[in-house]
Amino acid sequence: MRNKIIFPFIGWLLCGVLLLLGLGCGRSDRQSQTLTIAGSTSVQPFAEKLAEVYMKLSPGLLINVQGGGSSAGIMAVQQGAAQIGASSRELHGAEKNLHEIVIAWDGIAVIVHPSCPVDNISLATLRQIFAGEIKDWAALGLKPHGMHIITREEGSGTRTAFEELVMDRLEIAPSALVQDSNGAVREIVAHDPHAIGYISCGLVDNQVKALAIDGVLPTGANIKKNLYKLTRRFLFVTARQPAGLAQEFCVFVLSHQGQVLLEKEGLIGVH
Amino acid sequence: MLTRERLIEKVLLLLALSAIGSLALITIFIFLEGLPIILKTGVRHFIFGAHWAPTKGHFGILAMILSSIYVTLGALIFGVPLALACAIVLAEFAPPSLTRILKPTIELLAGIPSVVYGFLGVVLLVPIIRGYLGGPGLSLLAAALILGIMILPTVISISIDAMNAVPTLYREGSIALGATQWQTVRKLVLPAARSGIITAIILGMGRAIGETMAVIMVAGNALSIPTSILDSVRTLTANIALELGYASGAHREALFATGIVLFIIIMILNTAATLIAGRK
């Protein structure tokens, strides 16, 4: 009696497994219609926006945008898991063999709570703060209170760019709080009047205040003219000269329409 | 008929073995990925080094080991008295009607996703700590409090089972000798259920040390060794989850090596729990 129940059960189980396998195969067959972009979480929201608009323009195409970080994206391209890797840091070492396309410029904004009276900071002071040499707001002429420094995790494109542009080979203090996304850094700074952090300029909103660096505010015009010092490039990385879907998408991103879209989202176009 | 039965047996055995197989695969994979970097850095430097800058070639995880231990101890300090009190009430004092409501409620606590605990911590607890106690709010204290709540269901339900396993005959004997109900609980039920309660605490410890999401959200993840409970800390689990997305090369191996250390700590805890539970 028990057999009669168990046997069909196992039969169904096997059917299920086979069905899943079948679905898996089916998906790889459709891969030709799918474009996968993986990489930097700084680029991700912009890539998603571009993908959304481009998918409307060319029905039947599926663009899959994944995060994971610049390094993960570059690795995915090297291993063929993604056609396009999004990177918010420069390529180094063996990665230089890959093909890179600059899609936009981005500034890194140093942000504080809107109630913080500081508006301008020098690059040298900023370096001292993040190196842990200045630990109190009193050093900037404010009421004495411990500074809460917020940084990104090791390996993050924003952090790597910040280290290259600001830190001059000093290390970011180990006492700094570490958050794993631009949004999380902004969230903390928005609620802590004594915090200071840095995020991608495109993601600054009215919850936080972006500081001027050496008197230059991170505005689009200043970044475009290369006056603002904390500026970095956003890259699309492909294994070789892009072809097929990847190439069509890159052409769209660099077109007037694509660039206007990026500028509307807060980045600075390449033209 | 017999062959069919044997076939089913074999298939089920195979399915059962697949669980052990996946455990073995995970173990082998973690060790293969992580061990080379530990040996290259040197076990002493890896475990007792306090400088973690993996993209610059420094792989010391002492701060994270200590943070994991502090956070877990903190969680036990907050969670265990609360859990034990709750378990004693539910097992010994509460009328059955109350138990019927309370027990499922506590079990529901175990079903809440950890990201929800983390979110509540960030939104409610962290501003309170920042406002009243100072510091950035994201701290050892916040993580310990959140984890203290998260281990409650584990500790409570296993403790209740342990106390229920004490024969009613003992209790009746104690009451007959003139002991009050509290004296009976304190002098008889708790000592008799001791090994079960210790197992419950160790399993709670395992849960606390392995928790990741909630800790990342409320602990601040700073790399220094904490000197006060208001300092931000980074646990072993948080280190892996935070950095894995961006890691490549030696950095990635070092994160797997962090996993090895965590794996060994949890294996020790689980083995201890099994030994104590078996020694009734």
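In what follows, chains carry the letters A, B, and so on, assigned in the order in which the sequence lines appear, proteins first and then strands, with residues in each chain numbered from 1.
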With a sphere of 6.0 Å drawn around [atom1] of [X], does it hold more than 12 non-hydrogen atoms of other residues, nucleotides or ligands?
| X | atom1 | value |
| --- | --- | --- |
| Met205(B) | CE | no |
| His45(B) | NE2 | no |
| Lys56(B) | NZ | yes |
| Phe31(B) | CZ | yes |

Which one of Ala50(B), Pro127(B), Gly131(B), Gly135(B) has the most heavy-atom pairs closer than 4.5 Å to chain A?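 Greatest number of close heavy-atom pairs with chain A: Gly135(B).
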Taking 4.0 angstrom as the limit, do Arg234(B) and Glu153(A) come out as a salt bridge?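 Result for this pair is no, no salt bridge flagged.
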So for Glu163(A), is it side chain, backbone, both, or neither that comes closer than 4.5 Å to the heavy atoms of chain B?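 Contact with chain B involves the side chain of Glu163(A) alone.
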Portion of Ala176(A) that has a non-hydrogen atom of chain B nearer than 4.5 angstrom: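 Backbone of Ala176(A) only, per the 4.5 Å heavy-atom cut-off to chain B.
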Let me confirm one number: the [atom1]-[atom2] distance from [X] to [Y], rounded to the nearest 0.5 Å.
| X | Y | atom1 | atom2 | answer |
| --- | --- | --- | --- | --- |
| Arg252(B) | Ser71(A) | CZ | OG | 11.5 Å |
| Asp180(A) | Asn221(B) | CG | CG | 7.5 Å |
| Ser232(B) | Ile149(A) | OG | CD1 | 11.5 Å |

Any donor-acceptor N/O pair, Glu154(A) side chain to Thr55(B) backbone, under 3.5 Å: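 Pair found, side chain donor or acceptor close to backbone of Thr55(B).
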Tell me, out of Ile188(A), Thr160(A), Leu177(A), who's got the most heavy-atom pairs with chain B below 4.5 Å.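 Counting heavy-atom pairs under 4.5 Å, the top option is Leu177(A).
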What are the two closest non-hydrogen atoms of Gln179(A) and Leu138(B), and how far apart are they?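 Scanning both residues, the minimum pair turns out to be NE2-CD1, 4.2 Å.
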Contact summary for Ser224(B) and Ser175(A), nearest pair of heavy atoms: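 In this case the closest contact between Ser224(B) and Ser175(A) is OG-CA, 3.4 Å.
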Test side-chain contact (heavy atoms from CB on, under 4.5 Å) on His194(A) and Arg130(B) and set out the steps. CA-CA 10 Å; His194(A) 305 287; Arg130(B) 183 166 57 221; over 6 Å; no
Side chains of Glu171(A) and His51(B): do they bring a donor and an acceptor to under 3.5 Å?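 Note: Glu171(A) and His51(B) side chains meet the donor-acceptor criterion.
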